Number of protein chains: 2
Amino acid sequence: MDDLTEMLKGTLEGCVLEIIGSEETYGYAITRRLNELGFADVVEGTVYTILLRLERNGLVQVTKRPSGVGPPRKFYALNDAGREELARFWAKWQYLSSRIDRLKEGGR
Amino acid sequence: MDDLTEMLKGTLEGCVLEIIGSEETYGYAITRRLNELGFADVVEGTVYTILLRLERNGLVQVTKRPSGVGPPRKFYALNDAGREELARFWAKWQYLSSRIDRLKEGGR
DNA sequence: CCCGCTACTCAGTGATACTGTGTACTGGTA
DNA sequence: TACCAGTACACAGTATCACTGAGTAGCGGG
């Protein structure tokens, strides 16, 4: 697949929110999960910047726990603001994708 | 609807390509068309920067014609490179939206 | 003892949509 | 005549985001 970078803007953060919302997890695992899901070129650096932004914006609750196989992990869970943001994300995605699909079908 | 700006990155240009591909048209009319289609907050300045980029990247053929109701219009039509780029856009959109929808449905 | 895997941080880059301002042509109207 | 609204385009500057690349560090195996 061609480069999806530009198209991911605004959606990748939502994907990370969705993953965190379904299960408390940490950056390294989120990256693997995204790769599994078909976001093949997403690398750790990208995910960590998103996670730091989510934390700075007060959308997540963070817990540091030892790992056993490496350095300690920072586990992320959505708080109320995070759940609201996630709902807004899906509403926007729904809105956008319906308009695009309509345009694709000849756009009346 | 909330601000779609970030989510439009990478897709708005594709939408403009699609509009041009379906009919030779000009910037002011493209803006109106996008607004009709539900891209309510897209303004002329945004569309013109996209059109100039398409021209610079050699994806369109441009013809200036007098208007009768105002200054002359720059009509845009896709050339072969533009049609290829449009096909790539739809392939990327298809790819991305299928992954996102899968993630939304619980993501297995 | 190094190497690979795990795990996170951060400064800098590039692309994109957007903002605001300016220019300019036309027709209507006060 | 003067002004204004609608049409039509250009362009410099801004913000945001995904990405790059380099660095730090813990753990286990050969």
Side-chain angles (χ1 to χ4, degrees), chain A residues 1-17 25-35 39-57 59-60 62-76 85 89 92 96 99-100, chain B residues 1-17 25-35 39-57 59-60 62-76 85 89 92 96 99-100:
Chain A
M1 177 52 50
D2 275 4
D3 187 27
L4 288 178
T5 302
E6 289 308 321
M7 226 179 244
L8 282 176
K9 300 234 170 124
T11 68
L12 192 55
E13 178 179 312
C15 294
V16 171
L17 278 173
T25 182
Y26 58 98
Y28 193 80
I30 293 170
T31 309
R32 297 287 150 266
R33 183 98 185 85
L34 285 168
N35 296 151
F39 303 94
D41 298 336
V42 174
V43 294
E44 292 150 44
T46 301
V47 173
Y48 289 121
T49 55
I50 291 173
L51 289 171
L52 292 173
R53 188 165 70 233
L54 294 179
E55 188 175 358
R56 194 173 61 238
N57 293 344
L59 303 176
V60 289
V62 187
T63 316
K64 204 163 196 170
R65 300 211 188 93
S67 153
V69 297
R73 295 165 174 163
K74 282 177 72 176
F75 280 82
Y76 293 83
E85 182 60 29
F89 165 71
K92 287 204 279 186
L96 177 64
R99 308 295 137 152
I100 304 264
Chain B
M1 176 54 51
D2 276 4
D3 186 28
L4 288 179
T5 300
E6 289 308 322
M7 227 179 243
L8 282 176
K9 297 220 173 139
T11 67
L12 192 55
E13 179 179 311
C15 294
V16 170
L17 278 173
T25 182
Y26 57 98
Y28 193 80
I30 293 170
T31 309
R32 296 288 150 264
R33 183 95 185 87
L34 285 167
N35 296 151
F39 303 94
D41 297 336
V42 174
V43 293
E44 291 151 46
T46 300
V47 173
Y48 289 120
T49 55
I50 292 174
L51 290 171
L52 292 173
R53 189 164 68 232
L54 294 179
E55 189 176 356
R56 194 172 61 237
N57 294 344
L59 303 175
V60 289
V62 187
T63 315
K64 204 164 195 169
R65 301 212 188 91
S67 154
V69 298
R73 295 164 174 164
K74 281 177 72 177
F75 281 83
Y76 293 83
E85 182 60 30
F89 165 71
K92 287 204 279 185
L96 178 64
R99 309 295 137 149
I100 304 264

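In what follows, every chain begins at residue 1, and chains take the letters A, B, ... in the order their sequences are listed. For clarity, every value in this text was computed on a predicted model and none was experimentally measured. Hydrogens, waters and symmetry mates are skipped; everything else that's a heavy atom, side chains included, is used.
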**Report entry** OP1 or OP2 of C/dT9 under 4.0 Å from side-chain N/O of A/Lys74
**Finding:** yes
Query raised in the report: Quick check: are there more than 12 heavy atoms from other residues, nucleotides or ligands sitting under 6.0 Å from CG of B/Asp41?
Result: no
Requested in this report: To the nearest Å, give me how far apart CG (B/Leu54) and P (C/dA15) are.
Outcome: 15 Å
Query - Touch class at under 4.0 angstrom, heavy-atom based, for A/Thr49 against every strand present - result: base
Query raised in the report: Is there a donor N/O on one and an acceptor N/O on the other, under 3.5 Å, for the side chain of A/Lys9 and the base of C/dA15?
Result: yes
Report task. Could you state the atom-to-atom distance from CG of B/Leu52 to C1' of C/dA15 in whole Å? Result -> 16 Å
Query raised in the report: Below 4.0 angstrom from OP1 or OP2 of D/dC19, is there any side-chain N or O of A/Thr5?
Result: yes
**Report entry** Nearest-Å distance for atom pair CZ/P, residues A/Arg53 and C/dC10
**Finding:** 15 Å
Report task. Identify which one of A/Glu85, A/Glu55, A/Lys74, A/Arg53 satisfies the side-chain contact (heavy atoms from CB on, under 4.5 Å) criterion when paired with A/Val60. Result -> A/Glu55
Query raised in the report: If every non-hydrogen atom of B/Gly10 is compared with every non-hydrogen atom of B/Phe89, which pair is closest and at what distance?
Result: O-CE1, 3.8 Å
Requested in this report: Send over the distance from A/Asp2 CG to C/dA15 C1', rounded to a whole Å.
Outcome: 16 Å
Query raised in the report: Of all heavy-atom pairs between A/Tyr48 and A/Gly27, which one has the smallest distance, and what is that distance?
Result: CE2-CA, 3.8 Å
Query raised in the report: What is the nucleic acid contact for B/Leu51, judged by heavy atoms within less than 4.0 Å: base, sugar-phosphate only, or nothing?
Result: nothing
Query raised in the report: Nearest to the side chain of B/Val43, which nucleotide is it out of D/dC19, C/dT19, C/dA15?
Result: C/dT19
Report summary line: Out of C/dC8, D/dA8, D/dC17, minimum distance to the side chain of A/Tyr26 belongs to C/dC8
Query raised in the report: Can you find a side chain N or O atom of B/Tyr48 that sits less than 4.0 Å from OP1 or OP2 on D/dA10?
Result: no
Query - Integer-rounded Å distance: C/dT16 C1' and B/Glu13 CD - result: 9 Å
Query raised in the report: Among all residues two or more places apart in sequence or in another chain, which pass the side chain to side chain donor-acceptor pair (under 3.5 Å) test with B/Asp3?
Result: B/Thr5
Find every protein N or O atom lying less than 3.5 Å from an N or O atom of nucleotides 20-28 of chain C, and list the pairs.
unit_1: C/dT26; atom_1: O3'; unit_2: B/Gly68; atom_2: O; d: 3.3

Query raised in the report: Please give, in whole Å, the distance from C/dC5 P to A/Glu44 CD?
Result: 12 Å
Query - Whole-Å distance separating the CZ atom of B/Arg73 from the P atom of D/dG6 - result: 16 Å
Query raised in the report: Starting at CG of B/Leu4 and ending at P of D/dA15, how long is that distance when rounded to a whole Å?
Result: 21 Å
Query raised in the report: Are any of the side-chain heavy atoms of B/Leu8 and B/Val42 separated by less than 4.5 Å?
Result: yes
**Report entry** Considering all heavy atoms, the nearest B/Thr11-A/Met7 contact
**Finding:** CG2-CG, 3.7 Å
